[in-house]
Amino acid sequence: MKNHLRLIYSIFQMELRTILAYRTSFWINFLGTSLGQIGISYFLWSAIFQKTSDHQIGGMTFPMMILYSVLAPMTVRTVMGLAMLDINQDIYTGGLNKFIIYPINYFEYKWIQQITQSFSKLIQLFVAIAIYTLLIKLPVEFHFKISHLIYFIINIFISSSLFFVMEALMEVVAFWAENVWSLSVLLRFLIYLFSGAWLALSLFPKWSQSIMSFLPFKGIVYTSVKMLMGELPVKDWLQVQFVSIIWIFILGLLFTVVWKKGRLTYTGVGI
């Protein structure tokens, strides 16, 4: 057990070194994305609020809406981590063969990579909040609490694991299909649309919000961000985490069935 934990930590360190290998590119990309997101969100919502007499839209004031619009895209990128797990490439090229002699399970290795990527982007997200605070200042409605931050981090890693299972299920279709990229694109579209990455779920019709409570997407962005902003009761947060874990279990079982059937078709020589 001790040796296994040591191995997991070594993989985590190796992946983190890979991420930080090009530090200049890493931070330029981050800063450019963050500042661009702040600018676009400010001018877009400024125009929308000027056209309405309401002080709140979807239960959020203008400053809180800007904060949500900045945090949501960064949160979804944090959750997605690797974005592509490259399971399909390992199937196409015969790359699964090397894991026969590796001292770790293939999917455990991929999951550690995913979590490491999410961890690195989580650090970026916190830096973005610090930059936002210096440039614009946090809204007066925002009341930071350590407990909210802890809930947010837990939410991120549960959601990252959920995305890992969903993306793995898309890519494992490569046992039978020559190109599964379109399935991954479809998954990302559904996540951005129904998780609140593009638009806060409170802006959706009431009937659709009830349906989305049972889908696996709500916890990926909307719940995470609203909890960090201190606008979500702990009871509601726990309900969403429960739904996410149920979906991880269901999709995990489905993946196991598909993986076992797909392995029977794998030749190990690549396509």
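Values below: every heavy atom of this structure, side chains too, minus hydrogens, waters and symmetry copies. Small disclaimer: the values here were computed from a predicted structure and weren't measured.
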Q: Looking at every heavy atom in both L85 and A168, which two are closest together, and how far apart are they?
A: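 Taking L85 first and A168 second, the nearest heavy atoms are CD1-N, 3.6 Å.
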Q: Is there a donor-acceptor pair under 3.5 Å between the side chain of K110 and the backbone N or O of I87?
A: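 No, K110 side chain to I87 backbone: no donor-acceptor pair under 3.5 Å.
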Q: Are the side chains of P139 and F62 in touch, meaning some heavy atoms are under 4.5 Å apart?
A: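 The answer is no, as the side chains (C-beta and beyond) never meet within the 4.5 Å cut-off.
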Q: Could you pull out all donor-acceptor pairs under 3.5 Å where a side-chain atom in residues 223-235 meets a protein atom, sequence neighbours excluded?
A:
residue : atom : partner : partner atom : Å
T223    : OG1  : K218    : O            : 3.4
S224    : OG   : N155    : OD1          : 3.4
S224    : OG   : N155    : ND2          : 3.2
S224    : OG   : G219    : O            : 3.1
K226    : NZ   : E231    : OE1          : 2.5

Q: Which heavy-atom pair separates Y92 from A177 by the least distance, and what is that distance?
A: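 Scanning both residues, the minimum pair turns out to be OH-O, 3.0 Å.
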Q: Begin with the C-alpha distance, continue with both residues' side-chain angles, and end with the deciding distance and a verdict on side-chain contact (heavy atoms from CB on, under 4.5 Å) for M212 and F217.
A: CA-CA 7 Å; M212 285 187 281; F217 308 112; over 6 Å; no
Q: Using only heavy-atom distances, determine whether the side chains of E167 and S184 contain a donor-acceptor pair under 3.5 Å.
A: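 Distance-only check passes for E167 and S184.
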Q: Going by heavy atoms in the side chains, are L187 and L169 under 4.5 Å from each other?
A: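 No, their side chains stay 4.5 Å or more apart.
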Q: With side chains defined as the heavy atoms from C-beta onward, is the minimum distance between L67 and E141 less than 4.5 Å?
A: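 A side-chain contact under 4.5 Å is absent here.
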Q: Between the main-chain N or O of G81 and the side-chain N or O of K121, is there a donor-acceptor pair closer than 3.5 Å?
A: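 Pair found, side chain donor or acceptor close to backbone of G81.
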Q: State whether the side chain of Q114 and the backbone N or O of Y109 hold a donor-acceptor pair below 3.5 Å, judged by distance alone.
A: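 No: the side chain of Q114 does not pair with the backbone of Y109.
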Q: Given side chains that start at C-beta, do those of M65 and I48 come closer than 4.5 Å, heavy atoms only?
A: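 No - every pair of side-chain heavy atoms lies 4.5 Å or more apart.
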Q: Quick one: are F152 and L71 in side-chain contact, heavy atoms under 4.5 Å?
A: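 A side-chain contact is absent here, since even the closest heavy-atom pair is not under 4.5 Å.
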Q: Between D90 and Y106, what is the shortest heavy-atom contact and its length?
A: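 Between these two residues, the closest heavy atoms are OD2-OH, 2.6 Å.
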Q: Considering residues, nucleotides and ligands other than W176, do more than 12 of their heavy atoms fall under 6.0 Å from its CH2?
A: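 Yes, because the 6.0 Å sphere around CH2 of W176 holds more than 12 heavy atoms from other groups.
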Q: Step by step, work out the side-chain contact (heavy atoms from CB on, under 4.5 Å) result for S161 and I245.
A: CA-CA 9 Å; S161 297; I245 292 170; over 6 Å; no
Q: Do V185 and F189 touch side chain to side chain, with heavy atoms closer than 4.5 Å?
A: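 No, side chains not in contact.
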Q: Are the side chain of Y192 and the backbone N or O of V76 linked by a donor-acceptor pair below 3.5 Å?
A: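 No: the side chain of Y192 does not pair with the backbone of V76.
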Q: Under 4.5 Å between side-chain heavy atoms, counting indirect links through other Ile/Leu/Val/Met/Phe/Trp/Tyr residues: same cluster for L186 and W247 or not?
A: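 Yes, L186 and W247 fall within the same hydrophobic cluster.
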Q: Examine L149 and F142 and state if one hydrophobic cluster contains both, with Ile, Leu, Val, Met, Phe, Trp and Tyr joined whenever side-chain heavy atoms are less than 4.5 Å apart.
A: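 L149 and F142: one cluster.
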Q: So for atom CZ, which belongs to F119, do other residues, nucleotides or ligands contribute more than 12 heavy atoms lying within a distance under 6.0 Å?
A: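 Open.
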Q: Between Y151 and L238, is there a donor-acceptor pair closer than 3.5 Å when you use the side chain of the first and the backbone of the second?
A: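 No, the answer is negative, given that no donor and acceptor are paired below the 3.5 Å cut-off.
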Q: Is the closest side-chain heavy-atom distance between L251 and L162 below 4.5 Å?
A: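 Side-chain contact under 4.5 Å: yes.
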Q: Please check if the side chain of T265 supplies one atom and the backbone of K261 the other of a donor-acceptor pair under 3.5 Å.
A: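 Judged by distance alone, no pair lies under 3.5 Å.
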Q: Quick check: closest heavy atoms across A72 and G196, and the distance to 0.1 Å?
A: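 That would be CB-O, 3.8 Å.
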Q: What verdict does the side-chain contact (heavy atoms from CB on, under 4.5 Å) test give for F175 and V180, after you've listed the backbone C-alpha separation in whole Å, the side-chain angles of each residue and the deciding distance to 0.1 Å?
A: CA-CA 10 Å; F175 279 121; V180 298; over 6 Å; no
Q: Check the surroundings of atom CH2 in W237: do more than 12 heavy atoms from other residues, nucleotides or ligands lie under 6.0 Å from it?
A: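 Counting neighbours around CH2 of W237, more than 12 heavy atoms of other residues, nucleotides or ligands fall under 6.0 Å, so yes.
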Q: If hydrophobic clusters are built by linking Ile, Leu, Val, Met, Phe, Trp and Tyr wherever their side-chain heavy atoms come under 4.5 Å apart, do F194 and L203 end up in the same one?
A: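 Both belong to a single hydrophobic cluster.
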Q: Between S244 and V240 (side chain of the first, backbone of the second, donor and acceptor by atom type, cut-off under 3.5 Å), is there such a pair?
A: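 Indeed, once roles are kept as given, a pair shorter than 3.5 Å links the two residues.
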Q: Using atom types as modelled and distance alone, determine if a side-chain donor or acceptor of E171 lies under 3.5 Å from a backbone N or O of D86.
A: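 Between the backbone of D86 and the side chain of E171 there is a qualifying donor-acceptor contact (under 3.5 Å).
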Q: For the backbone of T78 and the side chain of S118, can you confirm whether one donor and one acceptor N or O come within less than 3.5 Å of each other?
A: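 Here the side-chain-to-backbone pair exists.
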Q: Show the nearest heavy-atom pair for residues I220 and T75, with the distance to one decimal.
A: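 Minimum heavy-atom separation between I220 and T75: O-CG2, 3.7 Å.
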Q: May I ask whether I154 and F157 are part of the same hydrophobic cluster, defined by side-chain heavy atoms of I, L, V, M, F, W, Y residues being less than 4.5 angstrom apart, directly or through others?
A: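 Same cluster.
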Q: Verify the neighbour count for atom CZ of F126: are there more than 12 heavy atoms of other residues, nucleotides or ligands below 6.0 Å?
A: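 Check passes, neighbour count above 12.
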Q: Would F43 and M64 show up in the same hydrophobic cluster when neighbours are defined by side-chain heavy atoms closer than 4.5 Å?
A: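 Hydrophobic grouping puts F43 with M64.
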Q: Answer yes or no: is there a donor N or O on one side and an acceptor on the other, between the side chain of S120 and the main chain of Q117, under 3.5 Å?
A: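 Flag set: sc S120 to bb Q117 pair under 3.5 Å.
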